[in-house]
Amino acid sequence: MVNIDSFDALINATRSVCDPELPGVTIHDLGILRNITRDGNTVTITITPTYSGCPAVEAIMQDVYSATKSYGQFIVKVEIAISPAWNTSMVTDSGRKALAQLGIVPPPKDTNTVSFLQCPRCQSKTISCINAYSSTACKSLYRCLACHEPFELFKQLA
């Protein structure tokens, strides 16, 4: 018999797993955690990477296994689903706040917004793109022309 409280705790543990490339931002808040289902004692956790070739997927899978291993009454399977593809509308409001706290400009909620980009330090909109890619493929590197500080933008994918 499955203890419902333990299953709820397993769900919470899974939701608290952070993206290894974005410390403090959970896979739940990024929308990477797509689904958690249970069939008897088997729990299937489905994740969708931000990019199909995301190098962090293996680390995320291991972190999910580590977070759930104390719930030994369940057999945990982690599956990757690339369809439908992840997009930035899956990032939660708390995920957007967590990205901003890291100094990363989060993607806009409204995909029609074109003038959202501003420096996260001085809020200047006078910026330039340094590189389409930053430390990860899902981010771009910008520089503020007012305060001269570089910053990253989490790319918008609709």
Side-chain angles (χ1 to χ4, degrees), residues 8-36 44-71 76-158:
D8 290 344
L10 183 142
I11 290 172
N12 290 333
T14 304
R15 287 182 173 174
S16 69
V17 171
C18 288
D19 185 299
E21 296 175 326
L22 299 166
V25 185
T26 68
I27 60 172
H28 171 70
D29 281 338
L30 286 175
I32 293 172
L33 178 60
R34 173 130 317 149
N35 199 13
I36 302 173
T44 302
I45 299 167
T46 306
I47 59 174
T48 298
T50 56
Y51 286 86
S52 59
C54 178
V57 169
E58 289 295 322
I60 292 169
M61 292 175 72
Q62 287 304 312
D63 290 347
V64 168
Y65 281 122
S66 294
T68 58
K69 72 180 178 186
S70 63
Y71 303 95
V76 175
K77 296 179 180 178
V78 181
E79 296 180 345
I80 297 171
I82 58 171
S83 180
W86 178 90
N87 67 69
T88 48
S89 70
M90 297 174 178
V91 179
T92 66
D93 287 342
S94 59
R96 293 173 200 287
K97 289 178 185 174
L99 287 169
Q101 288 175 342
L102 292 175
I104 300 169
V105 176
K109 287 177 74 172
D110 178 2
T111 57
N112 294 321
T113 301
V114 291
S115 62
F116 72 95
L117 189 55
Q118 63 184 32
C119 175
R121 291 175 183 85
C122 74
Q123 277 64 57
S124 172
K125 290 188 176 185
T126 308
I127 57 169
S128 70
C129 181
I130 296 173
N131 198 319
Y133 297 97
S134 185
S135 60
T136 62
C138 56
K139 293 181 286 186
S140 299
L141 184 61
Y142 284 81
R143 175 176 307 198
C144 176
L145 299 178
C147 72
H148 305 289
E149 291 291 328
F151 64 92
E152 294 179 307
L153 163 72
F154 203 92
K155 293 179 184 174
Q156 179 180 8
L157 295 175

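Everything numeric here is computed off the predicted structure, so don't read it as measured data.
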Compare all side-chain heavy atoms of [X] with those of [Y] and state whether any distance is below 4.5 angstrom.
X: Ile32; Y: Pro49; answer: no
X: Leu102; Y: Glu152; answer: no
X: Val91; Y: Trp86; answer: yes
X: His28; Y: Ser16; answer: no
X: Pro107; Y: Leu99; answer: yes
X: Arg121; Y: Cys144; answer: no
X: Ser124; Y: Glu149; answer: no
X: Thr50; Y: Glu21; answer: no

What is the minimum heavy-atom distance between [X] and [Y], and which atoms define it?
X: Asp63; Y: Cys18; result: OD2-O, 4.2 Å
X: Ala98; Y: Gly24; result: CB-O, 3.9 Å
X: Ile45; Y: Thr68; result: CD1-CG2, 4.1 Å
X: Lys155; Y: Ser140; result: CE-OG, 3.2 Å
X: Ala81; Y: Thr48; result: O-OG1, 2.8 Å
X: Ala13; Y: Tyr71; result: CB-CE1, 3.9 Å

Can you measure from [atom1] ([X]) to [atom2] ([Y]) and round to the nearest 0.5 angstrom?
X: Ile36; Y: Thr14; atom1: CD1; atom2: OG1; value: 4.5 Å
X: Tyr142; Y: Cys119; atom1: OH; atom2: SG; value: 13.0 Å
X: Leu117; Y: Cys129; atom1: CG; atom2: SG; value: 9.0 Å
X: Ile27; Y: Ile47; atom1: CD1; atom2: CD1; value: 6.0 Å
X: Thr92; Y: Leu30; atom1: OG1; atom2: CG; value: 7.5 Å
X: Phe151; Y: Gln118; atom1: CZ; atom2: CD; value: 8.5 Å

Is the backbone N or O of Leu33 less than 3.5 Å from a side-chain atom of Arg15, with the two atoms forming a donor-acceptor pair by type?
no
Atom OH of Tyr133 with >12 non-hydrogen neighbours under 6.0 angstrom
no
side-chain hydrogen bond (donor to acceptor under 3.5 Å, both in side chains) contacts touching residues 76-85 (sequence neighbours left out):
none
